[in-house]
Novice: 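Dropping the structure in here first, questions after.
The model shown is predicted, which means the values in this text are computed figures rather than measured ones. Values reported hereafter were calculated over all heavy atoms of this structure, with side chains retained and with hydrogens, waters and symmetry mates removed.
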Amino acid sequence: MKQLAFLFLCLASFVSTAKTDLPLGKWIDSAERILRAQTSASVLTMNINKAEYQRDFTLLVLTDDRDDAQKVMVRMLGPALWRGNMTLKVDERISFFEPRNKRTTVMSSSMLASSWMGSHFSNDDLMRETDLAQHYAYRAQKTWNKQTRNYHLVELTPLPSAPVVWGKVLYTLYIEEGRVYPEQVTYFRRKDDPQPERTLTYSDIKDMDGMKVPTMMEMRVTDKPDEYTRMHYQKIKFNTDLAASKFSEQAFL
Amino acid sequence: MIHKLALRNLLRNKRRSSLTSVIIVFAFSMMILFMGLSDGGHKAMIDIGVRMGLGHIIVQHDSYSDDPALQHLIAKPEQVIEQITQQYPTLTAVTRLRVDALIQAGRHGVALTISGVQPNKENQVSAIADQKAIIAGQTLPQFSQDQQMQRLGGIVIGETLAKNLEVRIGDTVTITAKPASGADLARSAFMVAGIFKTGLHEIDTFWAEVPLTSLQTLLEVPNSASQIALYSQANPETLAAITQQLTTALSDYDVQPWQTAAPELYSAVTLDAAGMYLLMLIVYVVVAVGILNTVLMSTFRRQKEFGMMIALGSRASTVSKVVLLEAVYLSAFSLSIGLALGLWGHYHFATEGLNFKEVFGTAMEAGGVLLPEKFYSILDTSKLTLSVLFVFLLTIIVTLIPAIRAGHRSPLAATQDA
């Protein structure tokens, strides 16, 4: 009887440590940053497939996370009609540049909701990059192993009074060789909704600049099953010393 | 003698007299009815218009109407309110803070106007999110009372907006706006407390109300407001006088009557009233021509008779007077019947009201406000007196020419013509 009680105690403590000890927040943070490292320079194609139109863009994306203020610069390389269009994000400030009339637009609150370059990502998604690592409470829902990968399904619920619009986010990530990889992120409008509102999937692990990273990102909206936006990374260079001047509005010209 | 003659003449041809009388009675009673209903409709429009996020008098920062930026707010609005209510204790004052912002829920976002209100006070004067307009959930004061423990502030949104955002009561939405410091966008979460329906597309789709203090915190403008709205029960003349006095008393601020603050409502009311006057004029002209016709006919038919009177020695003026008196009696008689009928109709609509929806099948929107389903007839005594006098004078003026002509025909020619 004593042994049984001890066993039970052990089991209970194991379950509780299993739940609390997993560094879920850290994992999600590193999964979110897998394609960025300290700095990154990448070329990718973005395919937008909507009922109204199909578009293919080639983008050059520079990121710099060395300071507190995250910096992202996106330059369109093609097609020709769009070449030179740029999006610059420094911390929470987003500005757009249109080369034909040489105009810089600083994003206002009303533009947040509109889609970024016609894709299934909104301007707001650019701004909220760090949301998942900041405004949520984490709970490991499920853990399983597949091949060499150690999978975790993490449920994210918004912290009290967190300024976020999702009621629940399910994050599937896996750990392989000590690195955290994102697999799928599903966004739910409300905590008890059965269907997610949209799904972001990472796939196609490839070796880029000496690091294994997912090179395909796909966003799908549940109520429009035929539509998607795919970002396919062609080339990534990590941790090069990018000049700060690349992340200023002067770089537009 | 001539009075008796005139009355007898009227009664001699009963059909002609009664037909003329019917024209006047009908036209006049209808005029009273329309006048009452249109004035009642206008009052209803104004009453409801000022309750749609407006006010009888609006006090705001001097530059706010030119540039509604967060730099142009009223600092310490309660001091201004105190100054106003000391002078005019009958006025109800509410403080509001307005800003363009983005409301988001899930992947939907809509740019709209957020109005920060004092829930308890606003509820008494506004028709946007009061108990009657809320179709689901609660009003802001109910929400804040009910859920003291709630971690999020309440927000009430329009029905169409709720549909567009796909939100229900209890869902979380975020509001994003640029704060006064001009820095990055500020964002805050609110819980949907209630959904309202005003029937006005603009407000149901692009309007949301949150507690004033929450919005002040979000925008980093503590103790400031975009406007102070004053509500009053006073009649338009008193209101104009108060506005005038407030303009001088609060010289640092911009004091606007609703006519200036909501020009579209004012012009809708004015335009409608002008249309009404034009219609009245047309009806009166038609009535005048109708009366002229019958009087002309009657004098023409009685030429022989008038010739006989003159031949027997009556003066030309006597004949004219008789014809004129006929008109006076006829119009006085018809006007009193018309007045009675019109007032009876007015009384019906003043007590029962005219149900717009029943008559026209839909609710009516005019000048940016939705007319209430029912509105009540209102008669202005001075306007009514003026109309009575006008119709009376019109009859007499119209009769004047045939009357004079009747007295000045030579008896010989009159008998020969006939």
Novice: If you count the non-hydrogen atoms of other residues, nucleotides and ligands that lie under 6.0 Å from CG in Asn101(A), is the total more than 12?
Specialist: yes

Novice: Between Ile175(B), Val167(B), Ile103(B), which has the largest tally of heavy atom pairs under 4.5 Å with chain A?
Specialist: Val167(B)

Novice: Please report the interatomic distance NE2(His108(B)) to CZ(Arg189(A)), rounded to the nearest 0.5 Å.
Specialist: 8.5 Å

Novice: Which bit of Thr176(B) comes within less than 4.5 Å of chain A, counting heavy atoms only: side chain, backbone, both or neither?
Specialist: both

Novice: More than 12 heavy atoms of other residues, nucleotides or ligands under 6.0 Å from CZ of Phe97(A): yes or no?
Specialist: yes

Novice: What heavy-atom pair brings Thr174(B) and Val165(A) nearest, and what distance separates the two atoms?
Specialist: OG1-CG1, 3.2 Å

Novice: Does any backbone or side-chain atom of Val221(A) lie under 4.5 Å from a heavy atom of chain B? Answer side chain, backbone, both or neither.
Specialist: side chain

Novice: Would you find more than 12 non-hydrogen atoms of other residues, nucleotides or ligands less than 6.0 Å from Lys246(A) atom NZ?
Specialist: no

Novice: Closest heavy-atom contact between Ala189(B) and Pro163(A)?
Specialist: CB-CA, 3.9 Å

Novice: So, taking the atom named CD in Glu166(B) and the one named CD in Glu197(A), what distance separates them when rounded to the nearest 0.5 Å?
Specialist: 6.0 Å

Novice: Is the shortest side-chain heavy-atom distance between Phe121(A) and Arg107(B) below 4.5 Å?
Specialist: no

Novice: Assess whether atom CZ of Arg220(A) is packed by more than 12 heavy atoms of other residues, nucleotides or ligands within 6.0 Å.
Specialist: yes

Novice: Relative to chain A, which segment of Ala101(B) carries a heavy atom at a distance below 4.5 Å: side chain, backbone, both, or neither?
Specialist: backbone

Novice: Is the NZ atom of Lys50(A) crowded by more than 12 outside heavy atoms at less than 6.0 Å?
Specialist: yes

